[in-house]
Each structure stands twice: as C-alpha cells, then as structure tokens.
Visitor: 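Below you'll find the structure I mean.
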Amino acid sequence: ERAIWLFDQKVNDRGVPTDKGFVEKALKIASRDKQDQQSEQNRKTGLANANSRDQLLPWVRERGYPLGNLRKQNVELVLKDPEVILTEECRDVLTARLEASSTSYKKLESILLNISPDGFLRNQFIFMGSSRCGRWSGNAVQLHNFARPDATFEDMDNVCKARQIIYDEDYKYLKTAFTDKNGKYYSPLMIVKNIIRTVFVAPEGQRFNVCDLNAIETRVGAWLAGCQPLLDVFENNRDPYLDFATKMYGIPYEKLWADYKGKNGREAQIAAKRMRQVAKPGVLGAIYRMGGGIWSKDKNGDRYKTGLFGYAEGMGIDMTQEQAYEVVKIFRNAYPEICGNGYSGNMKGIWVQIEEAIADVLNGERTIRTLGPGQDFRGAVTIDKIPIDGRDPMLRIQLPSGRYLHYMDARMRNERMPWKRTNRETGEEEDAYRPAFTYYSQDQETHMWVKIVAHGGHTFENIVQGIARDVLADKLLEFEAVGLAVALHVHDEGACLTPDDPFAPGVIQQEAIMGQPVSWAPTLPLGSAGFEGFFYHKE
C-alpha cells in the first residue's frame with residue numbers, strides 16, 4: 001500500500017496533458033448553445049425567463065404536467081410515462097429543458113481553473129477516496145464521472161469530425177453535423193458532452209496507450225463464489241453481457257456475437273447492441289443481490305424507481321419493471337453459486353456464506369472464518385473482529401492482497417428488511433424482520449455517522465470492488481515498472497504516455513500485463529482490451 005500511495009503522488013504530480021485551446025473553444029460553443037436554447041425556450045413559452053422554475057412550472061402544469069417540481073429525474077419519468085398526456089409544445093419545452101440542463105460542459109470550466117501553466121491537469125486523484133472498498137475517487141474535475149458517449153460518438157470518424165469542427169469554431173455547421181437514431185440533430189451542447197474526454201491530448205511526439213481490465217467485477221465475483229458457469233464465460237472468451245443476453249432472449253451466442261460485430265447488417269447490429277445494453281445492468285446489479293425494484297416515493301412525495309428497475313435507468317437504459325424482475329429471476333436461476341439460499345437442499349451461494357460467516361464472527365468469542373477459492377490462503381478472504389472496550393467491535397475483512405476492509409461498531413441486530421412477508425395465519429403482507437449485520441459509516445454527503453444495515457450481497461459488493469481495486473493497483477505499478485508512465489486511471493482503466501515510437505512499450509505490453517495472474521490470486525482469470533491514440537476517448 002505504501003508503494004501504491006507513492007505511485008499515486010507521482011501520478012498526481014505528473015498530470016495529464018490537456019489541450020487548453022480546444023477546451024476554450026468547446027466551452028465557448030457549449031455556452032453559446034446554452035444561451036441560444038434558453039432564448040428559444042423564452043420564445044416558445046412567452047416567458048421572460050423560461051429557465052426559472054417559478055415561471056416555467058405554472059406554464060407546463062397548464063399543459064398537462066402533473067408534478068409540483070421540475071427536478072430532472074422527475075421530468076424524465078413524466079416524459080416516458082404513457083399515461084401522462086402533455087401538449088406537444090409542453091413536451092418539446094420539457095425535452096429541451098432536459099438537454100439545456102446538462103452541466104457536463106461545466107467540467108471544461110473546472111479544467112481551465114485547475115490546469116497548470118504547462119498545459120497539464122494535476123492533482124485529480126484521491127487515494128483511498130472510497131472509504132468502503134478503497135478505490136480512488138476524483139478531485140476538482142472528477143475524471144471518474146465523465147458522461148458516457150452515445151453510440152454515434154463511439155464511431156471514431158464522428159469523434160474526429162466533431163473535434164475538427166470545434167477547432168474550426170464552426171458553430172453553424174456543428175448544429176446540423178450529426179443526427180441521433182431518430183434523425184434528430186445533436187445540439188452543439190450535446191456534441192461537446194459526448195466528446196469531452198478528448199480534451200486530453202498527448203504532447204507532440206508522444207501517444208496515449210489505454211487499456212482496461214475486462215469485466216473485472218464480474219470476473220472477481222464469479223471467482224470468489226466459485227461459480228463455474230460464469231467462469232466458463234471468460235474461459236471461452238465470451239462477452240459476459242452478450243452471454244447473459246442469450247439467456248434473456250433465447251438467441252444462440254454465435255448469432256448474437258455476429259450481429260453485434262455487424263456481420264449481419266446494420267439493423268441486426270443495432271438490435272444486438274440494444275440486447276447487450278439491457279443485459280449489462282442485469283449482470284452488474286443482480287450479482288450484488290439487487291431485486292427487481294418498485295416505484296417508491298422520496299421525502300417530497302415524488303416517485304422514483306428502486307432496485308434493478310432504477311439501476312438500469314441510472315445507466316441510461318430503459319427497462320420495464322417486468323423486464324427487471326425477469327432479469328433478476330434468470331440471473332438467480334443461472335448462478336446458484338452466487339445466489340443460492342441453501343433452502344430445500346439447494347446449495348448456499350456466496351451471499352448466504354458471507355452472512356453466516358459474519359454472524360459467526362460477531363456472535364463468537366475468537367472466531368475466524370475464511371471464504372473463497374484459496375486452498376493455501378492465497379485467494380482467500382478472512383473475516384475476524386477486533387474487540388474495543390466500551391463499544392461494539394470492529395469487523396475486519398482481509399482481502400487476498402492482504403489489505404483489510406473495516407466496519408466500525410459492528411453487530412448483529414434484528415432489523416426490518418426492504419421486502420414484505422406473508423402472514424401464514426391471516427394471509428396479509430407485513431414487515432419482515434431478520435438478524436442482519438449492521439455497522440456505522442460516514443455519509444459521503446453529510447459526513448455524519450449513520451447506521452448501515454447490510455446483507456450478503458452488499459458486503460459481497462464491497463469485497464469484490466476492493467479486490468478489483470487491488471488488481472488495478474498492481475497492474476498500474478507494473479505499467480510504471482516497464483516504462484509506461486500512467487497519466488490517468490479511471491475505474492478499471494489505465495492511460496499511459498510514451499514516445500510515439502514503435503519500439504516504445506505500448507498497448508501490447510499493457511494487455512500482456514493486465515492478462516497475467518496476480519501473485520495473491522493466481523487462479524483469478526483476467527482479461528483486457530486497449531488502444532493507442534493521440535487523444536483520450538472511450539473505446
């Protein structure tokens with residue numbers, strides 16, 4: 001960890017090269033478009049300031065808008081709700097408001113405030129920023145939460161074209177240069193949002209070498225649980241999300257893969273990409289015990305989606321409530337090593353194993369429990385506790401790397417669950433209570449210490465993300481050791497700078513490093529994919 005901390009200081013000092021001129025031009029275009037859109041909204045509504053909530057809310061309510069607020073997520077829900085009847089002009093205004101409310105371009109302002117005189121953006125990574133699993137978090141510009149580009153801007157020809165138009169400051173041409181899948185023109189504001197990563201440009205004579213750990217959380221989860229059907233997906237070099245889509249839609253993998261790669265025409269490719277998109281939140285959410293989800297209400301009485309139903313929406317994917325429940329059902333039936341409850345002779349999945357291990361440790365005197373695939377303690381996860389006088393103990397979970405996760409004031413309590421149970425005598429639904437692992441943690445927004453009620457899926461997520469972080473940290477250190485200077489790292493990806501020389505280390509070396517087992521988890525299957533280029537982007 002000390003070596004990783006020193007590496008972190010080096011990366012923060014080194015910085016990432018940034019094209020300040022391009023940032024200034026992109027910000028100028030985005031700001032102009034925002035002003036134009038607001039002027040157009042004023043014209044359409046006849047309001048002095050259609051951007052004002054107090055002025056716009058009465059106007060849209062007169063035209064069918066049912067809510068008493070204009071919060072982004074609620075406007076999105078209203079526009080998607082087939083039961084809400086809005087006038088056409090109201091729908092246009094609300095749709096435009098959502099687009100104009102995008103603040104992604106504000107990152108350009110933050111870059112200009114933080115860029116060094118030599119054109120490098122520094123001090124953007126916070127070591128151990130995630131207190132629960134130990135991952136890095138972001139500072140100032142927040143490189144970890146750039147918006148994901150639409151499919152149109154996953155095409156590098158379109159990305160390069162958009163960059164050139166912005167360099168030329170051709171605002172008029174940019175307004176009609178690109179259309180979405182429905183034939184609607186992208187606004188300059190949305191174009192800037194989609195290519196914002198490309199502000200990071202390698203200095204002359206150098207290049208970016210970018211590589212990420214393929215589906216690392218799914219790999220770690222399958223490995224930790226000993227889930228062979230899911231491990232087989234990686235051993236057979238299958239895409240985990242397309243593989244799950246075959247279970248959802250009943251289409252053979254070979255056909256779906258060919259469609260996805262565009263071998264059967266553009267329409268088939270679009271359909272396959274859509275299926276993969278729907279499958280992805282299913283894998284990433286259901287593996288952590290996420291339920292199908294329901295409509296719920298916040299403290300203001302506004303509706304919001306929970307569970308996989310809401311998680312998919314947060315990833316920009318439209319999934320019906322019925323689909324969400326079906327996805328959860330398919331996942332739990334397919335992978336009992338992860339999800340099994342141990343009832344009626346079924347195997348105990350990793351969620352239940354973790355719950356029972358934590359209960360044993362907290363209820364016992366000097367109990368230590370070990371989970372995972374390691375027979376010689378390489379790859380094992382060890383759970384124990386440290387007694388503290390006058391308060392509940394600290395629960396510790398040691399990861400295979402040797403690093404610990406810590407849970408303060410841990411104990412087993414009888415807690416109300418987020419689901420209902422059916423009373424056998426009355427047949428009515430009632431609150432369900434069961435023993436649960438609780439601990440105290442700092443709220444990231446209020447910084448107040450609050451009680452957390454955990455379940456096996458929640459703790460499994462902490463462990464998996466902690467292991468994934470340790471794998472990435474090891475790989476980033478190895479990059480440095482062979483002369484690949486890390487300029488930035490985002491989630492499970494590392495971007496390095498090297499001379500633009502065929503003999504300099506590059507993405508081939510990165511992929512080889514990322515594909516090699518780590519010493520403390522030699523049976524964990526790893527994979528990677530990368531690219532080389534002169535500016536950073538989402539591959």
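Starting from 1, each residue takes its place in the sequence as its number.
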Visitor: Is the side chain of Thr18 donor-acceptor paired with the backbone N or O of Val16 at a distance under 3.5 Å, no angle test?
Guide: yes
Visitor: Nearest 0.5 angstrom please: Trp136 CH2 to Leu472 CG, how far?
Guide: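 The CG atom of Leu472 is 6.0 Å from CH2 of Trp136, to the nearest 0.5 Å.
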Visitor: With no hydrogens and no angle check, do the side chains of Arg219 and Asn214 hold a donor and an acceptor under 3.5 Å apart?
Guide: yes
Visitor: Hey, does the side chain of Asn209 reach the backbone of Leu484 with a donor-acceptor pair shorter than 3.5 angstrom?
Guide: no
Visitor: So does Glu254 have more than 12 non-hydrogen atoms from other groups sitting under 6.0 Å from CD?
Guide: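 It does: Glu254 CD has more than 12 such atoms within range.
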Visitor: Before you tell me yes or no, could you show the steps for Glu88 and Arg91 under salt bridge (charged side-chain N to carboxylate O under 4.0 Å, His left out), namely the whole-Å CA-CA distance, both residues' side-chain angles and the distance that decides it to 0.1 Å?
Guide: CA-CA 5 Å; Glu88 195 62 34; Arg91 184 171 293 276; 5.3 Å; no
Visitor: Would you say Glu493's side chain and His489's backbone share a donor-acceptor pair under 3.5 angstrom?
Guide: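 Not at all, since once roles are kept as given, no pair shorter than 3.5 Å links the two residues.
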Visitor: Is the Lys NZ or Arg CZ of Arg14 less than 6.0 Å from the centre of Phe120's six-membered ring, within 45° of the axis?
Guide: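 Judged by the rule (NZ or CZ under 6.0 Å from the ring centre, within 45° of its axis), Arg14 is not positioned above Phe120.
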Visitor: Would Arg238 and Trp257 count as a cation-pi pair here, with the cationic atom under 6.0 angstrom from the ring centre and within 45° of the axis?
Guide: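 Output no; distance or angle outside limits.
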Visitor: Is there a donor-acceptor contact under 3.5 Å from the side chain of Gln321 to the main chain of Gly292?
Guide: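 Side chain of Gln321 to backbone of Gly292: no pair is present.
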Visitor: Give a yes/no verdict on a cation-pi contact between Lys25 and Phe22, requiring under 6.0 Å between NZ or CZ and the six-membered ring centre and an angle within 45° of the axis.
Guide: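 Output no; distance or angle outside limits.
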Visitor: Between the main-chain N or O of Ile4 and the side-chain N or O of Asp8, is there a donor-acceptor pair closer than 3.5 Å?
Guide: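 No; zero donor-acceptor contacts below 3.5 Å.
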Visitor: How about Lys28: does its NZ atom have over 12 heavy atoms from other parts shown lying under 6.0 Å from it?
Guide: no
Visitor: Is a side-chain donor or acceptor of Tyr105 paired with a backbone partner of Glu109 at a separation under 3.5 angstrom?
Guide: no
Visitor: Using a distance-only test with no angle check, is there a side-chain donor-acceptor pair under 3.5 angstrom linking Ser187 and Glu99?
Guide: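 Glu99 and Ser187 do have a side-chain donor-acceptor pair below 3.5 Å.
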Visitor: I'd like to know if Glu313 pairs up with Lys80 as an ion pair, taking the criterion as any Lys NZ or Arg NE/NH1/NH2 lying under 4.0 Å from an Asp or Glu carboxylate oxygen.
Guide: yes
Visitor: Determine, step by step, whether Glu89 and Lys44 satisfy the salt bridge (charged side-chain N to carboxylate O under 4.0 Å, His left out) criterion, reporting the C-alpha distance in whole Å, the side-chain angles of both residues, the deciding distance to 0.1 Å, and the verdict.
Guide: CA-CA 8 Å; Glu89 61 179 352; Lys44 285 182 177 179; over 6 Å; no
Visitor: Is atom NZ of Lys247 surrounded by more than 12 heavy atoms (other residues, nucleotides or ligands) closer than 6.0 Å?
Guide: yes
Visitor: I'd like to know if Lys255 pairs up with Asp259 as an ion pair, taking the criterion as any Lys NZ or Arg NE/NH1/NH2 lying under 4.0 Å from an Asp or Glu carboxylate oxygen.
Guide: yes
Visitor: Determine, stepwise, if the pair Trp59 / Val93 fulfils side-chain contact (heavy atoms from CB on, under 4.5 Å).
Guide: CA-CA 10 Å; Trp59 188 91; Val93 165; 3.8 Å; yes
Visitor: Does Arg289 count as lying over the ring of Phe460, i.e. NZ or CZ under 6.0 Å from the six-ring centre, within 45 degrees of the axis?
Guide: no
Visitor: Tell me whether the guanidinium CZ or amine NZ of Lys107 lies under 6.0 angstrom from the six-membered ring centre of Phe146 and within 45° of its axis.
Guide: yes
Visitor: Do side-chain atoms of Asn264 reach the backbone of Ala268 as a donor and acceptor pair under 3.5 angstrom?
Guide: no
Visitor: Looking only at side-chain N and O atoms, does Arg266 offer a donor or acceptor that is under 3.5 Å from a partner on Gln269?
Guide: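 Distance-only check passes for Gln269 and Arg266.
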Visitor: Might you confirm whether atom CD1 of Ile508 has over 12 heavy atoms from other residues, nucleotides or ligands at distances under 6.0 Å?
Guide: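 For Ile508, atom CD1 is not crowded (no more than 12 foreign heavy atoms under 6.0 Å).
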Visitor: Are Tyr253 and Asp239 linked by a side-chain donor-acceptor pair shorter than 3.5 Å?
Guide: no
Visitor: Using ring centroids (six-membered ring only for Trp), state whether His537 and Phe200 fall under 6.0 Å.
Guide: no
Visitor: Quick one: does Thr246's side chain have a donor or acceptor within less than 3.5 Å of a partner on Asp243's backbone?
Guide: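 Checking the backbone N and O of Asp243 against the side chain of Thr246, a donor-acceptor pair under 3.5 Å is found.
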Visitor: Quick one: does Asn49's side chain have a donor or acceptor within less than 3.5 Å of a partner on Asn51's backbone?
Guide: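 Yes, because the side chain of Asn49 sits within donor-acceptor range (under 3.5 Å) of the backbone of Asn51.
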Visitor: Any chance the side chains of Asp36 and Tyr171 put a donor and an acceptor closer than 3.5 Å?
Guide: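 Side-chain D/A pair, Asp36 to Tyr171: present.
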Visitor: Under 4.0 Å between a side-chain nitrogen and a carboxylate oxygen: does that hold for Glu217 and Arg135?
Guide: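 A salt bridge is present here (some side-chain N lies under 4.0 Å from a carboxylate O).
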Visitor: Strictly distance-based, threshold 3.5 Å: is any side-chain N or O of Ser116 a donor or acceptor partner for the main-chain N or O of Gly119?
Guide: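 Checked: no pair found.
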